[in-house]
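All values reported here derive from a predicted model rather than from experimental measurement. Just so we're on the same page: letters track the sequence lines, and every chain starts at 1.
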Amino acid sequence: MPKDVITPRATDYNQWYLDIVREADLAEPAEVVRGCIVVKATGWGIWEMMQRELDQRIKATGHANVQFPLLIPRSFIMKEAEHVEGFAPEVAEVTRAGGEDLSDPYVIRPTSETIIGYFYSRWIRSYRDLPLLYNQWCNVMRWEMRTRPFLRTSEFWWQEGHTAHATEAEAEAETLKILHEVYADFVEQIMAVPVIRGLKTEKEKFPGALRSYCIEAMMQDGRALQAGTSHNLGQNFARAFDITYTDQNNTVQHCWTTSWGVSTRLIGALIMTHSDDEGLVLPPRLAPTQVVIVPIYKNPEERTRVLETIERITGDWQGRLRFKVDDRDNLTPGFKFNEWELKGVPVRLEVGPKDVEKNSVAVARRDVPGREGKSFVPQAGLTERLVALLDEMQTGLFRRALTFREQRSATVRSYDELKQQVEQGFAWAYWDGSADDERRIQEETRATIRCIPLEQPETPGVCVYTGRETMRQVVFARAY
RNA sequence: CGGGGCGUGGCUCAGCCUGGUAGAGCACCGCGUUUGGGACGCGGGGGUCGUGGGUUCAAAUCCCUCCGCCCCGACCA
């Protein structure tokens, strides 16, 4: 009998999400620290896989890792006008240390453009120093009013890339390269989450940026989640922090800078894209453990025989499959089946006395939950079969998510249609409105423009709000 | 910041209305039997009832203070 530990999605999507986080043992509320979470081993293991894949891509595109201080002089935050307005309300400050009040208080970094800008201004002298391509993995803090595990917490973990370039074109190329080659590639290929790549509107862009690009994903309730952002900061921060270089003509110029980040929020995206009422579902290429093996036996003799068989069939797995043998002796197989299902391990193998005799194993695939996803297969050729199965599951998860998004997306031609469509998913619409129009729509529908997709239609259409003809199409949705 | 809810073994909660020796389920420990979809029996350990004050012969229970957490809305990766 399964225990009712997870609220079905259809009953309460929000509660389902919280149940998954708890039951899959990803994280728990920190309780004693407002708005923060403790990321537990299963959750952090997933983040480490994300870090590994992202870090490879960040380095492959020419960046190196560095580490800046956690604390930033408060005065730094005040230097870029839009940036102050955007972040001042949500920074935590350190006003006292070493038993004394600080004459110049610090803020705990909400993001590091300012302190990095300060150092870049000292490091960059010549065009020969450019481009400067750095990234840092760290935690940041933003005093959020309402928090949810992974999606929005006061402290979160992320990477923030910060680069400086000689020209606007180079900065723009960098911003887009990160969006495509690092973020979209990782999220789609490894997380199996389809994304829309686009540009943020003025209202939604990063405080202090010239332009913000983003990737947007659709969750199972039809709402949008921003999965990553890449900002072309123009010369705004370079002016605020005097980041200048001398060019080939001996003229002093301001640099063009970029910043870009993805965070542990991706874990939230992962959950809300693939998981089901039985628990977490991990795409094979991201799963820290791809195959878990549950031995089944009634007595010590059987145990020995079964474990020997497992030893033999996993003999050529090193380097091909990430696996784990669950030989805990105090738990029944049934308990383990459910536990690994909750934790989202893509494939479970069961090896018992019958399999030892028949040279078979039971294979259960997580993307088809319960007994339906279970079949008995021969031990011969198992490794190849599993590698192929994982591959098939990876592709299948992506396709399933993409199909879902398409079913929940529609092009709308009137404001009434838009209102209806955002109730259930993405509304594609021609748009020629202002930031104020955007605000009014948000008030009335709770939906915002998620992005102006990079791929635009070739024929003009009529703006869904103003009625004016325009070439520009945008995506409206309610967002997390 | 507004609105609501809750603080009692590790967890979920009952007990409070109507004051009188602190309970249950789960988890944990020991032993035995079990083990192919969340095992069972027997035994056992563990709680200054969020904090401070008040009322009372007597407070988890009644009154007040403070603190914390969770949930729902407007802002945000």
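- With B:G36, B:C75, B:G38 as the choices, the nucleotide that has an atom nearest any side-chain atom of A:Leu342 turns out to be B:G38.
- Spacing between B:G20 and B:G15 at atom C1', rounded to whole Å, works out to 14 Å.
- Taking the ring centroids of A:Phe241 and A:Tyr118, they lie at or beyond the 6.0 Å cut-off.
- Across the protein-nucleic acid pair, A:Glu160 atom CD and B:A77 atom P stand 14 Å apart, rounded to whole Å.
- If you check every strand for non-hydrogen atoms under 4.0 Å, A:Leu151 touches a base.
- Residue side chain A:Phe156 meets the stacking definition with respect to B:A77: its ring centre sits within less than 5.5 angstrom of the base's six-membered ring centre, and the planes differ by less than 30 degrees.
- Using a 4.0 Å heavy-atom criterion, one finds that A:Gly370 contacts the bases of the nucleic acid, with or without backbone contacts as well.
- A:Asp355 comes within 4.0 angstrom of a base, heavy atoms only.
- Of the candidates B:G36, B:G38, B:A77, B:G38 carries the atom nearest the A:Glu339 side chain, counting heavy atoms from C-beta on.
- Within the nucleic acid shown, A:Ala227 has no heavy atom closer than 4.0 Å to any nucleic acid atom.
- Within 4.0 Å of A:Ser263, counting heavy atoms only, lies at least one base atom of the nucleic acid.
- Residue A:Gln226 places its side chain closer to B:A77 than to any other of B:G36, B:C71, B:A77.
- As judged by a 4.0 angstrom heavy-atom cut-off over every strand, A:Tyr183 is placed among residues making no nucleic acid contact.
- Counting atom types as modelled, A:Lys374 pairs a side-chain N or O with a base atom of B:G37 as donor and acceptor under 3.5 Å.
- At the heavy-atom level, A:Gln442 lies under 4.0 Å from the strands shown only through sugar-phosphate atoms.
- B:G53 and B:C31 have their P atoms separated by 46 Å, with the value rounded to a whole Å.
- Between B:U61 and B:G19, the distance separating the two C1' atoms is 6 Å to the nearest Å.
- Nucleotide B:U34 holds its C1' atom 16 Å from the CZ atom of A:Phe335, rounded to whole Å.
- Between the CG atom of A:Asp326 and the P atom of B:G37 there is a distance of 15 Å, given to the nearest Å.
- Separating the P atom of B:G47 from that of B:U55 is a span of 30 Å, rounded to the nearest Å.
- At whole-Å resolution of the value, CG in A:Leu270 and C1' in B:A77 are 16 Å apart.
- When distances run from any side-chain atom of A:Asn14 to the nucleotides B:A77, B:C72, B:G36, the shortest one goes to B:C72.
- In this structure, B:C57 forms a base pair with B:G20, meeting either the Watson-Crick or the G-U wobble geometry with both donor-acceptor distances under 3.5 Å.
- Interface remark: the A:Glu341 side chain does form a donor-acceptor pair with the B:G37 base, using a distance-only criterion of under 3.5 Å.
- Rounding to whole angstrom units, CE of residue A:Met50 and C1' of B:A77 are separated by 14 Å.
- As rounded to whole Å, 17 Å separates atom P of B:U34 from atom CD1 of A:Ile296.
- Base pairing of B:G73 is made with B:C1, judged by Watson-Crick or G-U wobble geometry with both donor-acceptor distances under 3.5 Å.
- Here the options are A:Trp137, A:Trp47, A:Phe150, the test is side chain to side chain contact (heavy atoms under 4.5 Å, CB included), and the partner is A:Trp157; only A:Trp47 passes.
- The P atoms of B:G43 and B:C57 are separated by 43 Å, rounded to the nearest whole Å.
- Cation-pi geometry between A:Arg265 and A:Phe156 is not met at under 6.0 angstrom from the ring centre and within 45 degrees of the axis.
- Nucleotides B:U56 and B:C42, compared at atom C1', are 45 Å apart to the nearest Å.
- For the residue pair A:Glu278 and A:Leu342, the shortest heavy atom distance occurs at O-CD2, 3.4 Å.
- Spacing between atom OH of A:Tyr213 and atom C1' of B:A77 amounts to 19 Å, rounded to whole angstrom units.
- Between B:C62 and B:G44, the two P atoms lie 34 Å apart (nearest whole Å).
- The side chain of A:Lys354 lies closest to B:G36, out of B:G36, B:A77, B:C72.
- Here the side chain of A:Arg142 is nearest to one of B:A77, B:A39, B:G37, namely B:A77.
- With respect to A:Ile46, the side chain to side chain contact (heavy atoms under 4.5 Å, CB included) criterion is satisfied by exactly one of A:Leu282, A:Ile271, A:Thr264: A:Leu282.
- Rounded to whole angstrom, the span from the NZ atom of A:Lys343 across to the C1' atom of B:G38 amounts to 14 Å.
- Within a 6.0 Å sphere centred on OH of A:Tyr106, heavy atoms belonging to other residues, nucleotides or ligands number 12 at most.
- Under the Watson-Crick or G-U wobble criterion, with both distances below 3.5 Å, B:C67 is paired with B:G7.
- Side chain A:Arg348 to base B:G37: a donor-acceptor pair is found below 3.5 Å.
- Among the heavy atoms of the strands lying under 4.0 Å from A:Thr153 is at least one base atom, whether or not backbone atoms are also near.
- For the pair A:Arg450 and A:Phe426, the cation does not sit on the ring face, since its NZ or CZ is not both under 6.0 Å from the ring centre and inside 45° of the axis.
- Between A:Ile267 atom CD1 and A:Met191 atom CE the span is 8.5 Å, to the nearest 0.5 Å.
- Nearer to the 5' terminus of RNA chain B, by closest-nucleotide assignment, is the contact made by A:Gly352 (compared with the other of A:Ala479 and A:Gly352).
- Across the interface with RNA chain B, nearest-nucleotide mapping of A:His231 and A:Val361 shows A:Val361 to be the residue nearer the 5′ end.
- A:Glu113 has its side chain within reach of A:His162: a pair of non-hydrogen atoms, C-beta onward, lies under 4.5 Å apart.
- Counting only heavy atoms from C-beta on, A:Asn338 has its side chain closest to B:G38 among B:G38, B:U35, B:A77.
- With a 3.5 Å ceiling on both atom-pair distances, the Watson-Crick or G-U wobble partner of B:C29 is B:G43.
- Nucleotides B:U34 and B:A77, compared at atom C1', are 50 Å apart to the nearest Å.
- Side-chain proximity of A:Thr332 to B:G37, B:A39, B:C71: nearest is B:A39.
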